[in-house]
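Notes for the one structure printed next.
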Amino acid sequence: MIRSVALAALLATTSFTSAAVAQTASDPATETVAFATTDASDPYLWLEEVEGDRALAWVGEQNRRSLGTLQGDPRYQQLHDQALAILESRDRIPAPGFTHSGMISNFWQDATNIRGVWRRTTLDSYRTDAPQWETVLDIDALSAAEGKNWVYRGANCLPPEERLCLVSLSDGGKDAVTVREFDSVTRTFVEGGFELPESKGGVTWVDQDTLLIARDFGEGSMTTSGYPMIVKRLRRGQSLDQAETIFTGQPTDVSVGASTLRDADGVVQAVLINRGVSFYESETHVLNADGTTTQLRLPAKADISAFVQGQLVVSLKEDWTAPSGQSFLTGDVVAWTLSDWLADQSAAAQLVIRPGEREAIEGMNATRNSLVVALFENVRGSVYVYRPNPSGEWARTRLDLPQNVTVGVGSASDRDDQVFVSAAGYLTPSTLYLADAATGELAPVKSLPSKFDADGLTVQQFEARSADGTMIPYFVVHREDMALDGSNPTLLYGYGEFEVSMLPGYSATTGKLWLERGGVYVVANTRGGGEFGPRWHEAALQENRQRAHEDFQAVALDLIQRGITSQPRLGIMGGSQGGLFMGAMLTQRPDLINAAVIQVPLFDMLRFHRLLAGASWIAEYGNPDIPEERAWIQAYSPYQNLRAGQPYPEVFIHTSTKDDRVHPGHARKAAARLEELGYPVLFYENTDGGHGAAANLRESARRLALEYTYLSRRLMD
């Protein structure tokens, strides 16, 4: 059998531990001749020229070859049609957003509205089977009228009337956006209104004639991470160069931005400036009436999470001794009465939540009077309502949602205590509920119909022992009668950083294109994620990054040892940081896998900080310009560690020309290096799409069909 031969070899293989990684780092004395450890030793720097003629010619040739291979497979068209039907189906749940007026806002894409439509309806109408939607802005019509490939990035409407809105539009899916003032009543852009040119950054209303903006103001106004360093006040009628500077950060910061803290009636209680010192460390300043700013006495790792009944709610990401002398732990949620605290920042805080060792907060929102929290235990969720008592303490009640599922806290009303919450599982389609946080009353509003045949499928949770002995949970979705003989085509998904949790959820396309066809789907909850709170994330930061790679590898090995799959039937998939995960698996344990889908990846970790937004992630990975940190990064950086003579499978790498977050050069250089070393590789680059690798539903369907055609060829044939 497949399993017996493969397992014997695997059990004889030494685990690729952190110590082993350290031993593979290049000797500084020979670094100048090692591959791509300097600009001079990297033969593919020209592929970092995003719109360079030579680079685009290379991309064009790669696309022709890869699309010819994958789209020529007889399975491609059916997979594409199935994916497109799911993505464009009209029986999806329209994601609801409460407006201050009590209306429900939604952004919708389907076969008719490819780029999408911003629309709204009443709550009563939304709760019916056929809501009567009123179009606010049609992005397809706008794109046609202006000859643009606009991608809608949201609207920021001024409370409490919410008539005037700042609409963000991206050209082809980039993070950088153009901002234009829009009248949601007349449904037209305001003639002579606020308009900000394309840039990364943010904008917030102060009042109808005043904005706080963080943009690219020209030379010296952006951080080394490529984000705004300056906040300015822009008044109606002023040109951008007339805006008044109110705060300036440092070039080494990640970014600087502004926000307004408003009560449930839309009244501004404070204007806040956030200085992102690193990806995880920040300062929050209050803008005073005289134009000066005062820094709030918060820990560097903390987030302002909500404002409810005059209480400022803050989530702590590090242990902290407050100015009051109180001691708090990483993961705690605390609150102050805002007016008292601003007057005296040594005022005592009230502990609202202290998650347990295997618990994590995965979502939080505030209604008019309540704090609504999604709290997970061992990667299974519940929703709790917290309300401040007159004494200052917070009472807690639990909403009666299904157990052993993923729960989500959605939009909340600031007029009353209504809030949307959801529940879903790998095999359980999403159900949207409308909850009353005051009474606990819960009513289902909409349910997603089944999109694939889940009959005979089941979900199990297992644990794998990582190299340092830590137990790593993971979920397996499979047929109940699955043979434990290593013969099952298995797709293992991972991400593992930035405190992003991989929670159980219903994926119609994974179900239809993979599970229904006999595949097994696995999700690893490795360190670096947020499944067990900030400490689970911090365990894989910087010099400990290799732990997350070992966690992922441990799950792969555990799958094989259990007989769920075997090397010829095991594939992996991940995007962005997850693409780095895939590269580390490819270079460290290629003996475990026979396929890898590497999506919009990080790959050259010695240059990540010099490409687009890369410098903002130094807090996560370390700084390659510091020798000590460069050594641990180089030890796992996939681009530098690709070698000849290894059992690498043919991989599928894809990216987007317009990704202005993770540079497409990472993916391009990975493919070029693999080809140079003589390995087969499939590479595809979408000319639109941004970091999501698709600007519309049709592009998404094509990407999905390419991925699952590739996986079918590698793992099912």
Judged by atom type as modelled, is there a donor-acceptor pair below 3.5 Å linking the side chain of [X] to the main-chain atoms of [Y]?
X      : Y      : result
Asn156 : Cys165 : no
Ser466 : Gly469 : no
Ser170 : Asp175 : no
Ser501 : Gly530 : yes
Thr121 : Gln132 : yes
Thr565 : Asn488 : yes
Glu359 : Gly356 : yes
Arg92  : Ser89  : yes
Thr490 : Leu570 : no

- Given the rule in the ring pair (Phe, Tyr, Trp, His ring centres under 6.0 Å) test, do His549 and Phe581 qualify, once you have shown the distances and angles that lead to the verdict? CA-CA 6 Å; His549 300 154; Phe581 241 29; 5.8 Å; yes
- Looking at CG of Leu592 and CD of Gln553, how far apart are the two atoms once the value is rounded to the nearest 0.5 Å? 7.0 Å
- On a heavy-atom basis, the closest approach of Pro159 and Gly266 is CB-CA, 4.0 Å
- Nearest heavy-atom contact between His100 and Ala264 is CE1-O, 3.0 Å
Thinking salt bridges, do [X] and [Y] make one under a 4.0 Å N-O criterion?
X      : Y      : answer
Asp453 : Lys512 : no
Arg703 : Glu707 : yes
Asp468 : Arg527 : yes
Lys301 : Glu499 : no
Arg562 : Asp558 : yes

- Do Phe420 and Phe98 make the cut of ring centroids closer than 6.0 angstrom? yes
- Are Phe279 and Phe498 an aromatic pair by the rule of ring centers under 6.0 Å? yes
- Item | Stepwise side-chain hydrogen bond (donor to acceptor under 3.5 Å, both in side chains) check, Thr99 with Ser105 | CA-CA 7 Å; Thr99 68; Ser105 177; over 6 Å; no
- Task: Take Tyr152 and Phe107 through the ring pair (Phe, Tyr, Trp, His ring centres under 6.0 Å) test and state the conclusion after the steps.
- Result: CA-CA 9 Å; Tyr152 179 72; Phe107 182 71; 4.5 Å; yes
- Item | Glu134, CD: over 12 other non-hydrogen atoms inside 6.0 angstrom | yes
- Query: Does Arg517 CZ have over 12 foreign heavy atoms under 6.0 Å away?
  - Reply: yes
- Checking Asp416, Asp265, Asp417, Asp414 against Arg368 for salt bridge (Lys or Arg N to Asp or Glu O under 4.0 Å), the one that qualifies is Asp265
- Member of Glu463, Glu377, Glu531 meeting the salt bridge (Lys or Arg N to Asp or Glu O under 4.0 Å) criterion with Arg358: Glu463
- Classify the angle between the aromatic ring planes of Tyr521 and Tyr493 as parallel (below 30°), tilted (30 to 60°) or perpendicular (above 60°). tilted
- Have Ser413 and Arg415 got a donor and an acceptor in their side chains that come within less than 3.5 Å? no
